[in-house]
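Below, read A as the first sequence line, B as the second, and so on, with proteins coming before strands; counting in each chain starts at 1.
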Amino acid sequence: MVGSLAGFLGAASERSGVEPFPPADAFALLAPGLQRALWEMKWKDLRPIQREAILAWNGVDDTGRKPVPADLLIMAQTAGGKTEAAFLPVLSQIAAEAEGSVRALYVGPLKALINDQFERVELLCRHMDMPVHRWHGDVGADAKSSLVASPSGVLLITPESLESLLINRTPRLGAMFGGLRAVVIDELHAFLESERGLHLASLLSRLGRYVGGGVRPRRVGLSATIGDPMAAARYLCADAPETVRMIEGKGEQKELLVRVHWYGEEAGASGLRPEHGPEARDPACDPEDDPTVRAIGADLVTHMHASTNLVFANAKGRIEILADAANAVCRERGLEERFHVHHGSLSRVLREDVEREMKEPSPDTAICSSTLEMGIDIGSVRTVGQVGTPWSVASLKQRLGRSGRRDGESRRLRVYLTDDSEPESENPEKRLPLDLLQAVAVMELMLTDRWVEPPSPSRLDLSTLTQQVVSGIAETGGMRAAELHERLCVAGAFRGVSAAVFARVLRSLGTRDVVEQTASGELILGLEGERVRASREFYATFHTPREYAVRAGDAALGTLPMTVTLRAGEFLVFAGRRWAVVNVDSARLEVMVRPAPGAKAPMFSGSMGEVHARVREKMVEVLGRAGGGAGAGDRFAPGYLDTRAAARLREAGGLAREHDLARRRVVETGPGTCVLMTWTGTRIQRTIEAMLAARGIKASAWEVSVSCQAGMEDVMVALRSFAGGGEGRAEGRSAGGPRADAGNTDARGVEARSSHESIALELAKHVEPKAVRKYDELLDDAVLEESIAADRLDVAGALGVLAELVG
DNA sequence: GACCTGCTGCGGGGTG
C-alpha cells in the first residue's frame, strides 16, 4: 500500500513498467506517466475511493483477481476526488493505445464542468502521450474537425453534442469510436430522473453500434450519495445491475450547525399579501416596503457579511429582491455591498463575474438558485442559507455539501422562513404554516431518519422517444419500423415501450408528417420531421420556453420569459440592480432597460415540482408531535428552531389538535364542499384528483389536501368505488369503453396489464394538461395517456391513502 | 409557488 510520501516516491521512481507488483498496490497499477504526474503534483497519498476504484477497475480486490471486470459506481461528495478515481484507472488502461480512435468518453451535464474537468484531465496526462479533447457548443469548429479527422485519446462531451455527432458526423462514427474502451458519466445523480438521463442512455446505446468487435465499453458513474444506489446501477448496466461495483466515499462525519429563523407577524409577514385601499401597493413587488424581505435582508447581512456564503432561494424573483434588500441594508450600515445574484436567467458574462468574485478570498455572498448546487467549485463556503422551505432532502443535502469543505470546519445551515398561512381560510391546510412543517420534516428525515428520496426514473417518456425516432432516422437515412423498435426499445434505452405503443407513437407522428413510410416500407422523415431535425433546438430533449433578451445599452443582462408582459416605464430589479424598462421589441424579442431608482421584483413563470409522499407524511407526524400527547411537556420542539419558529410550531400543533387535523381524514367545509386531508405526495394527490374527476366530482389538489366541490357523502361513495372493488370496474371500462378501438389496442397488452395499470390508464384521461414534455405536442392524447399513467400517477399509493381516508 | 441544463452547417459578406 502507498501509505506515506516515502513509499509513494519509491514506487514512482522505481517503477519502469516491467517489475511485478503486489496486486493490492493500487499505485503500482497506474501507468508510469500518471505515477510521475501524481508525484509532481505532490499528492501525499491516494484517497480511499481512488485506491478502491483502481483496484476494482483492474478486477482486483482483497480476495485476488476477479474474472469479469465490472462497471463502477463511485459515490462521494463534490471535491472528493471522484474525477481522479475514474480517470486514473481508465487512463492507465488506454495508455498504450491512445491513437486510432477515441478511447475514453466522458459525458458531463454542464459546459463549465467540462471545461474544469478538461484542465484536470490534461494535468493528469501531462507525462502521457494522451490527447485530451472537449466538444460542446462553445468549442470552435477547427478543434472539432481535427478530432473528426484523427480521433484519439479522451473526449469530454455533453449529451447534446453527442446527439449532434450521431446525426451530423454519421460517416465518421466508426472511425471515431471503433476502439472505445470506457465511458465516464459525471454527476450521474442529475441524469437519473431527468429526460436528459434517458436521452443520454439512448445516445450511448446507439453509439455502441459503432464500437468494433462487439466490445462493450465499460462504464464509470460518478455521483453524489443517493437514496437508491441500485437505481444508478440499473442506469449504468441495465442487463446486469448486480455486477456494478459500488464504491462509496466515507465522508468524514462533519459537525452540522443548523438554525431555522422565522419571520412571522412581528416582522410583518402579513404584508406579503396585498393591502387594501387607494395607497395599496403589492409589497411583495416592492422590497423597500416589505418588512419581511427587509428583515431577512438585514439578518443576511448580520449573519453573512463577513464571510463567503451561498444563499439558495427557491425562485428567481425572490433572489433578486433579497439581494436588493440585503445590499440596501449594507448601504445603510456603511458596509460594502457584497451580495451578488446568480441564476439561470442571467447572461453568461454576469454569471462568470459572480463566479470569479466568489472564488476570490474576499468575503462575498451569492444569492442563487440551483445553478450553484453542482458543477463549478466555489471553494470555501462558510454558511449555506436556504430562504423558503427546501423542496427535498436530496436537494438540501446537495446544497449543504457546499459548506464546511475544509478539514475540521463545521457545516453551517441557516433556513429563513416566512408565515404563509391564512388564519381565516376555510381550507384547513391553509391555516397551517406548511413551509415550516415541510422544512422541519425535511430536516428530520435528513438528520434523524437519514433518508433521501430515491431517484424515480421516467418509465415512459414518449417525448424523448419521439426525438430519438427522428434522430435515429436522420442517422441511418431510413429504416423499417421493426428495426427502429429493435434498436431504440428492445436493445436500447426505451425497454418499457412495447411494439404496440411504439406503433401508436409512429402513427401519431405519421399523421403530423413527422415521419412517412415509403412504398418499400421504410420510415423516412416527413416535412415536419425535417423541420424538427434541422432546428437548432433539436439537440436537447428538454423543453425551454421562449424568452426576451434583456439589454442595457450594449450589455446583455439575461433573459425574461415571454409569458410576462412588460411595459415601458415599469421598474425592474434584475441582475442585482435597479432598472426601468425603456421599450419592448416584440419582433426582435428584446427588452431594453436603463438604470432607475425604483425596485420591482421580476416575474418568472415556473412549474410545480414533485414532493415525495414521505416528506408529507413526516409533516403530519411533526404536526401531531408538536401538538403534544398527554401534556405540554412532551411536545416536539427541535433545538434548531429559533424562539419564534418554535412558538409557531407549537401554535400549529395546538390548532391541529383542537380541529383534529394531524391525521388523514375528510373535513366538511360547507354545504356541498369538503376537503380531504391527504398528507401525501404530489403524484398521489394528482391520482386522487383524477379519481374524483372520473366520478364527475370537481376537485383540486393543494399541498396536503384535496378540496372537493361535492358533499362528503358523494365524495365517500366515489372514493369507495376505487378503494374497494374499483379495480374490476376500471378494467371492464378499458376493455369495452370508447378507447378500445381495434387499431389502437393490443389485445395481449391489455390482458397483461395489472389492475393498477388499467386504473391508471383510465384515470389518465382526466389529467390535464396532457402534453408537458418537449415533443408531447406531436403525439395523440390517447398515446400520451399511456405515459401519464406510467409516470405521473400512483394508483397503489393512492389506494393506500384512500383506505385511511374512507376508513 | 418551484430550479437547471444544451445547440449545426453553411452561406454571404468583409478584409488583407
**Request:** Give the intermediate values and the outcome of side-chain contact (heavy atoms from CB on, under 4.5 Å) for residues A/Y775 and A/V470.
**Result:** CA-CA 11 Å; A/Y775 293 110; A/V470 172; over 6 Å; no
**Request:** Decide side-chain contact (heavy atoms from CB on, under 4.5 Å) for A/E768 and A/K770; before the verdict, give the C-alpha distance in whole Å, the side-chain angles of both, and the deciding distance to 0.1 Å.
**Result:** CA-CA 5 Å; A/E768 292 294 342; A/K770 301 216 186 315; 3.3 Å; yes
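Rounded to whole angstrom, the span from the CG atom of A/L113 across to the C1' atom of B/dC4 amounts to 13 Å. Atom NE2 in A/H189 sits roughly 16 Å away from atom P in B/dC4 (whole-Å rounding). Between A/L346 atom CG and B/dT5 atom P there is a gap of 10 Å when expressed in whole angstrom units. Following rounding to the nearest Å, A/N314 (CG) and B/dA2 (P) show an atom-to-atom distance of 10 Å. Taking atom NE2 of A/H342 as the reference point, atom P of B/dC4 lies 10 Å away to the nearest angstrom. As rounded to whole Å, 7 Å separates atom P of B/dC7 from atom NE2 of A/H136. The CH2-P distance, from A/W135 to B/dG6, rounds to 17 Å in whole Å. If you take CG of A/L434 and P of B/dA2, they are 16 Å apart, rounded to a whole angstrom.
A sub-4.0 Å separation between OP1 or OP2 of B/dG9 and a side-chain N or O of A/R169 is present. Close to B/dC4, at under 4.0 Å from its OP1 or OP2, lies no side-chain N or O of A/T371. Taking 4.0 angstrom as the limit, A/S161 places a side-chain polar atom (N or O) nearer than this to OP1 or OP2 of B/dC7. Between A/K144 and B/dT8, a side-chain N or O to OP1/OP2 separation shorter than 4.0 Å is present. OP1 or OP2 of B/dG9 has not a single side-chain nitrogen or oxygen of A/R533 nearer than 4.0 Å.
Residue A/F542 is in base contact, counting any heavy-atom pair closer than 4.0 Å across all strands shown. Using a 4.0 Å heavy-atom criterion, one finds that A/D138 contacts no nucleic acid atom at all.
Mapping A/R348 and A/A315 onto DNA chain B via the closest heavy atom, the residue that lands nearer the 5' end is A/A315. Of the two residues contacting DNA chain B, namely A/S345 and A/F538, the nearest-nucleotide position lying further toward the 5' end is that of A/S345.
Here B/dC3 is the nucleotide among B/dA2, B/dC3, B/dG6 with the atom lying nearest to any side-chain atom of A/K316.
Judged by centroid separation below 5.5 Å and plane tilt below 30°, A/W391 does not stack onto the base of B/dC3.
Smallest separation of non-hydrogen atoms from A/I319 and A/A313: CG1-CB, 3.7 Å.
Within a 6.0 Å sphere centred on NZ of A/K397, other residues, nucleotides and ligands contribute 12 heavy atoms or fewer.
A distance-only check finds a donor-acceptor pair linking the side chain of A/R172 to the backbone of A/V148 [under 3.5 Å].
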